Amino acid sequence: MKILDLSAGDRDFLAEVESRSGQNLKTCYQCGNCTAGCPYTFAYDIPVSQVMRLIQAGQREMVLNSKSLWLCASCQSCTTRCPNEIDVAKVMDVCRHMARESGCVSERTTKLFTDAFLQSVETHGRAYELGLMARYTLKSGRFFDNIALGPTALLHNKLSFKPHPIQGKEQVARIFERFRKGE
Amino acid sequence: MRIGVFICHCGSNIAGTVDCESVVEIAAGFPEVVYATDSMYTCSEPGQEGIITAIHEHNLDGVVVASCSPRMHEPTFRRAVERAGLNRYMFEMANIREHVSWIGKDKAHNTNKAADLVLMAVEKLRRNRPLVAKSFTTVKKVLVIGGGVAGIQAALDCADGGLDVVMVERDQSIGGKMAKLDKTFPTIDCSSCVLGPKMVDIAQHEKISLYACSEVESVSGYVGNFSVTIRRRATYVDWTKCTGCGVCTEKCPSKRSPDPFNEFLGTTTSINIPFPQAIPKKAAINPDTCMKLQKGKCGICAKVCPVGCIDYEQQDELVTVEVGAIVVATGYDLFDWHKYPQYGEGRYPDVITSLQYERLLSASGPTGGHIKRPSDGKEPKNVVFIQCVGSRDRSVDRPYCSGFCCMYTAKQAILTKDHIPDSQSFVFYMDIRAPGKGYDEFTRRAMEEYGAQYVRGRVAMIYPHGDQLIVRGADTLAGTQVEVPADLVVLATGVEASQGAVKLGETLRVVPDQFGFFVESHPKLKPVETNTAGVYLAGACQGPKDIPTSVGQGSAAAAKALGLLSKEQLESDPAVSKVNVNRCVGCQKCIDTCPFGAIKAVTDRMGRLKAEVIETVCQGCGICTVTCPQGAIQLEHFTDNQILAEVNALCPPKMNNVSFE
Amino acid sequence: MSAQDEQRELRIVGFLCNWCSYGGADTAGVARFIQPTDLRIIRVPCSGRIDPLFIVRALLNGADGVLVSGCHPRDCHYAEGNFYARRRLEMLKRFLPITGIDERRFEYTWVSASEGQRWQHVVTEFTRRIHELGPAPFFNPVSEEEWAKLALDGAARGASCACHG
Amino acid sequence: MAKIAYYPGCSGQSTSVEYDLSTRAVCRELGLELVDLEDWSCCGSTPAHTVNHVLSAALSARNLALTEQLGMDLVTTPCPSCLSNLRTAAHKMEDADFRAKANALLDTPCTKQVTAQSVLQVIMEQVDPELIRAKVVKPLTGLKLACYYGCIMNRPPALMQFDNHEHPMVMDNLMTMLGAEVVPYPLKVECCGASFGVPRVDIVTKLAGKLLDAGRELDVDAFVTACPLCQMNLDMRQGQINSALQEKFRIPVFYYTQLLGYALGIDRKELGLKKLCVNPKPVFNKLKETAQAS
Ligand SMILES: Cc1cc2nc3c(=O)[nH]c(=O)nc-3n(C[C@H](O)[C@H](O)[C@H](O)COP(=O)(O)OP(=O)(O)OC[C@H]3O[C@@H](n4cnc5c(N)ncnc54)[C@H](O)[C@@H]3O)c2cc1C
Ligand SMILES: Cc1cc2nc3c(=O)[nH]c(=O)nc-3n(C[C@H](O)[C@H](O)[C@H](O)COP(=O)(O)OP(=O)(O)OC[C@H]3O[C@@H](n4cnc5c(N)ncnc54)[C@H](O)[C@@H]3O)c2cc1C
Ligand code: SF4
Ligand code: SF4
Ligand code: SF4
Ligand code: SF4
Ligand code: SF4
Ligand code: SF4
Ligand code: SF4
Ligand code: SF4
């Protein structure tokens, strides 16, 4: 196990997460309620309460490389029940932003899906599910995961073969464009 | 006036950063100062002697000491000047230690500032006048409000000490929460075995009168002489005759009356004696469920009562008593855990409170001491305890620790194993707070000898699964989520101020904190006193407290009351407000604003309305002085003139060529 | 000695209630929390004893700043003295600009007996503010007398003056 | 008829067409006129806010601005995920600085405060329950249902401000009103696996499997949902779940609008019942039997 040198903790990391999320993380007293309610704990490498702890201890690398960031579904159960009224889901969100910014991607497939989804929105103005599945499948190389669903979905006319582009799709594209410029 | 000034070095505490000799020199030039000197330790014996000698030798009639905070040594020096024959109000203090030498490094600035402070004191002193305390007699009787273990202890100690005691209890019986407990930590002795005899003592003590089913309606007067009105609620039973035989309760056909004594785990009869050891052991009718009082039908209890004491027409009664001191011991209530929707809000009958669990454990409880879960009466095997429910939780506005729930949870885990040897307890906790004598050993025993499994983490949710409840929590030490299928879940619900505490506080002029617990006079040095003279606190009404501490406080409050009333006469602080009747126009504004009701309206010989201060009630806040549009009511020792003299000493009007005086 | 220390002291008057803020200032002293030395403290039993007149008088007499401090809102030793104080001082703050006095020269705050650190902060900040404002301007004696009268009148009228409600 | 701006959301055009169809049918029947936002765009869903909060808000705000252009200040959507995004954007834009940042990404800024509500909330709050009761022609008597709300319909409570966040009841009440027996389903707000169906099938099969299991435990005839993602994970993925967990679930999963529409006597075609992956036939057979029996 990694031994932490607490004095070498990155205080700026705590400050940055606090200011970007607007949350006071010093109030977290490690009760574990967030972890207790998080449906994804079984899939996490670091339970959400320990993510909070590691932020307090300024462990930037461990946090930003955690798979948990990418597996959080923003289900809000942690936020809803935290006795210190910390918006934990927002903190997870912010850490994910920071991970993305610093190029840490420990769950590649999740990121690919997110990217494919947004790509689809940027192109068509709306999510085009078949297209985004195709793009995701190509990029991730995970051909078999959802292949079984294909027939079920198509049989029930669930997925449309054509995207539903909108007239204002340039407007939407410009949202992304301006966003990237501003970054 | 002949004023003497004494500048203290406090060793190097003051002299280190203040040039004391210079201050002496400057002070010697202040108006009416005839003597100025310095002294190494003014409060020491030689220091005080120095003051006394100087008063005699220089014929001083006023003294200024520049030293530490008056909050520290003002009483000391007042006694010293009094020993020299001066009135103790002919003394002023300048705080050149806490407010000068300890907070500033610049010696020149400090010296200058110290001299300013001495000048302010001199200017104020020049306007002081001797004040003489009035003495008054006291009523040798104590009111104890609340008959929990703290109030019981206070009442018995006062009565044994020779005072008459009036105890007012809101419920039908005294005993408070302790009467509902099964066994008590850390000794696991039976609660009613230790409390029962004390309750009987209350009933039998010739100096104690007990008013149960009663509440304090209003209080007037002041320390030594309070006048208290008590409302005795109608019980529909003449308690002077009732023998507590219980015949009525056996025959009452209305058996679905809520049973607060058993924490609503079962129901009881409309006419009822809450428990066999109740004191007073008298029956009372619940008017909400009695068929006679609701619908005019029944009347069975009146028929069967062998002494004929049922009275369906009975009304509330007001009683007035005069007392010299008041002990407040109104205890606490439990947090309403329904505020946690994730624990089911009451939808799951097998999620209960810790106090309900005490009733299930108790041999005199609704299940005769067998742990049967409410849903189906089955004996539980997996029992989950959740600590800090409604404590240490900002999201429900309860940031504080309830103090004793860690301990009673350990106790309940131990008792669970005693009752059901093949059971397994799980305790979800955040920290274990067990700071008393033998307490930590006790919680260790719960884990080590009784095998309770302690899990560090909160519980996020409880949901039913089959006939069990799934408790989903975290084990933060193992670093993961955990689930326990439970047969029974016991919530260690937190402690809240007792219902109605804020209102009672208003009646008694005792301030509640933001959570409704009464505020003590000083958190360390006056833990059972309040800021209202003659009113004391005992037990959990001041904050969460276990039985030993509550009892200790009961005795401490009794000692305070006994000490107070042991004096034949009390002296009032003469620094109170005084009305100049010539200026007073009788507008009564002061009467409206005085928070202590210390001012009354009187008519003078000419029949004109005037204000008059009741010296013994006035607390000396000076709110009235600021309120009076005529400047007619002045707080002695802090008059407008005195304070303005200090202002002028600091900012001389001549600076702007204007004179106000 | 730093330049700050050598700077000329300004005249700042403090009115502190005996139970809370005076104790807080003591606590700060006991903890040796270094503070600027400009402030001199007048002890009163309760913030409810502070007549706005005292403050006006200090300012008219040439004080560069006045600081009032009492118990926290629900904490008053006299149950509700600080509640009265708050109302009066709030009115005063609105009244000051009418008299030509910069209302930033007056501040009121709440400090409890245990809040030594807070007291240090309050004093340091207020003193810094007064130094930024500089010494109080000299009053024209004539109009000043008028103002003094006005202020005293205000106190006397009482009934119509909300400061004295 | 009360006019209300309507935002169908992307899934309403693909995986949850039947939700969109039945919502429109039910609203029409209940006297709510849905006015489609012309040329609406994707709200960004979860992916957007996991990338950046301003980007996410801007994608939603474009639609809030469209609502504003219709002269309305309330937009309604059937999808909780869209709802959550629209509400979050609206809430964040109460802050002027944030609003400026989000508007800077848009061609047409959103200047007014527009609120979003779920269609469910609108139906429950704006339609007289007596009207619904009166219109029921085919009661759901005899059906045993589990109402599953999903994780974000009511959470976090401060943002969503609708129903009990741990134990929501509106769908339960609605179904009871239609004559169904509603079981006290314990996992009403547990997460179904959300959009991890694509990147992490293992996660979804486990979480959704747990939900199905709790329903089977209570012996329900069907699930009722109000969220396209929940419905898809429980219904379309039921086969996937069965093979991953070696189970044999066959529990139909309806949108509440489908059952409501059925009870109101709306033509089946308009409810898109054919689109359901787990065949709902047994449910309707059971309903017929009870109807005949009585
Ligand atoms: C589940 C549980 C288990 C516990 N186990 C233990 C244990 O094993 N050991 C231990 O040391 N402590 C234990 N405690 C703590 C114990 O209950 C308290 O320490 C003790 O009861 C405090 O006594 P009290 O007299 O201050 O207050 P209370 O017991 O609350 O008594 C207050 C009394 O005042 C009355 N009253 C309230 N308001 C008014 C009013 N306005 N007018 C007149 N009367 C009024 C009430 O009716 C009551 O009779 C336990 C507590 C709980 C909840
Ligand atoms: C480092 C530290 C910090 C603390 N901080 C705090 C704090 O911040 N707040 C707080 O509330 N508490 C604090 N405490 C605890 C506090 O010290 C005790 O609560 C308190 O001192 C107990 O007072 P006492 O009178 O019972 O005992 P003591 O202070 O021990 O006094 C006992 C006296 O009896 C005398 N004595 C002993 N034996 C005999 C004998 N046979 N004959 C005659 N005289 C005898 C001793 O000389 C002594 O003067 C602290 C303690 C420590 C160690
Ligand atoms: S629930 Fe809140 S306080 Fe508890 S561990 Fe999680 S973030 Fe910390
Ligand atoms: S929001 Fe994320 S971290 Fe919080 S409980 Fe849901 S999945 Fe877990
Ligand atoms: S009087 Fe105060 S300052 Fe002087 S020696 Fe005593 S404690 Fe120190
Ligand atoms: S029967 Fe009469 S005397 Fe006996 S308990 Fe009842 S009321 Fe009292
Ligand atoms: S009159 Fe009332 S209390 Fe008496 S027996 Fe009848 S129901 Fe019971
Ligand atoms: S005593 Fe223990 S259980 Fe009770 S509030 Fe404090 S820490 Fe929690
Ligand atoms: S406020 Fe002044 S004038 Fe009015 S009654 Fe009181 S003392 Fe008299
Ligand atoms: S000083 Fe005045 S207001 Fe204060 S208690 Fe005395 S009479 Fe009442």
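Letters go in sequence order (proteins before strands), and every chain restarts at 1. Since the structure is predicted, the reported quantities are computational estimates derived from the model, not experimental observations.
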Which atom names give the shortest non-hydrogen contact between C:Pro52 and B:Val626, and what distance separates them? CD-CG1, 4.1 Å

The reported gap from OG1 in B:Thr625 to CD1 in C:Ile50 (rounded to nearest 0.5 angstrom) is 12.5 Å

Checking C:Arg57 against B:Ile643 for the side-chain contact (heavy atoms from CB on, under 4.5 Å) test, could you report, in this order, the C-alpha distance in whole Å, the side-chain angles of both residues, the deciding distance, and whether it holds? CA-CA 11 Å; C:Arg57 173 73 75 87; B:Ile643 296 172; over 6 Å; no

Can you tell me which of C:Gln35, C:Arg43, C:Arg32 forms the most heavy-atom pairs within a distance under 4.5 Å of chain B? C:Arg32

Note: vs chain B, highest number of non-hydrogen pairs under 4.5 angstrom among C:Val123, C:Asp26, C:Thr27 is C:Asp26

Non-hydrogen side-chain atoms of C:Ile41 and B:Met120 separated by less than 4.5 Å: no

C:Asp38, part contacting chain B, at a heavy-atom distance under 4.5 Å: neither

Restricting to non-hydrogen atoms, name the atom on C:Phe54 and the atom on B:Leu644 that form the minimum distance, rounded to 0.1 Å. CD2-CD2, 3.8 Å

Under the side-chain contact (heavy atoms from CB on, under 4.5 Å) rule, what do B:Ile103 and C:Phe33 come out as? Steps first, then yes or no, please. CA-CA 6 Å; B:Ile103 59 161; C:Phe33 291 146; 5.6 Å; no

Heavy-atom closest pair (C:Tyr22 atom, B:Pro70 atom, distance to 0.1 Å) is OH-CD, 3.3 Å

Taking atom CG of B:Leu119 and atom CZ of C:Arg40, what is their separation to the nearest 0.5 Å? 11.0 Å

Euclidean distance, C:Leu39 CG relative to B:Lys113 NZ, rounded to 0.5 Å: 6.0 Å

So does B:Gly620 get a backbone contact from the side chain of C:Arg49, meaning a donor-acceptor N/O pair under 3.5 Å? no

Out of curiosity, C:Tyr84 OH to B:Cys624 SG, how far, rounded to the nearest 0.5 Å? 10.5 Å

Given that the side chain runs from C-beta out, which part of C:Ala28 has a heavy atom under 4.5 Å from chain B: side chain, backbone, both or neither? backbone

Between C:Val13 and B:Cys651 the two heavy atoms that sit nearest each other are CG2-SG, 3.7 Å

Test log, rule side-chain contact (heavy atoms from CB on, under 4.5 Å), inputs B:Val647 and C:Ile42: CA-CA 8 Å; B:Val647 173; C:Ile42 295 177; 3.9 Å; yes

Step through the shown structure and confirm whether more than 12 heavy atoms of other residues, nucleotides or ligands are within 6.0 Å of NZ on B:Lys578. no

Report which part of B:Asp592 has an atom under 4.5 Å of a heavy atom belonging to chain C: side chain, backbone, both, or neither. backbone

Which heavy-atom pair separates C:Glu9 from B:Asn112 by the least distance, and what is that distance? OE1-ND2, 4.3 Å

Would you give the length of the straight line joining atom SG of B:Cys621 to atom CG of C:Asn82, rounded to the nearest 0.5 angstrom? 11.0 Å

Heavy-atom distance under 4.5 Å to chain B: side chain of C:Phe15, backbone, both or neither? side chain

How about CZ on C:Arg104, more than 12 heavy atoms from neighbouring residues, nucleotides or ligands closer than 6.0 Å, or not? no

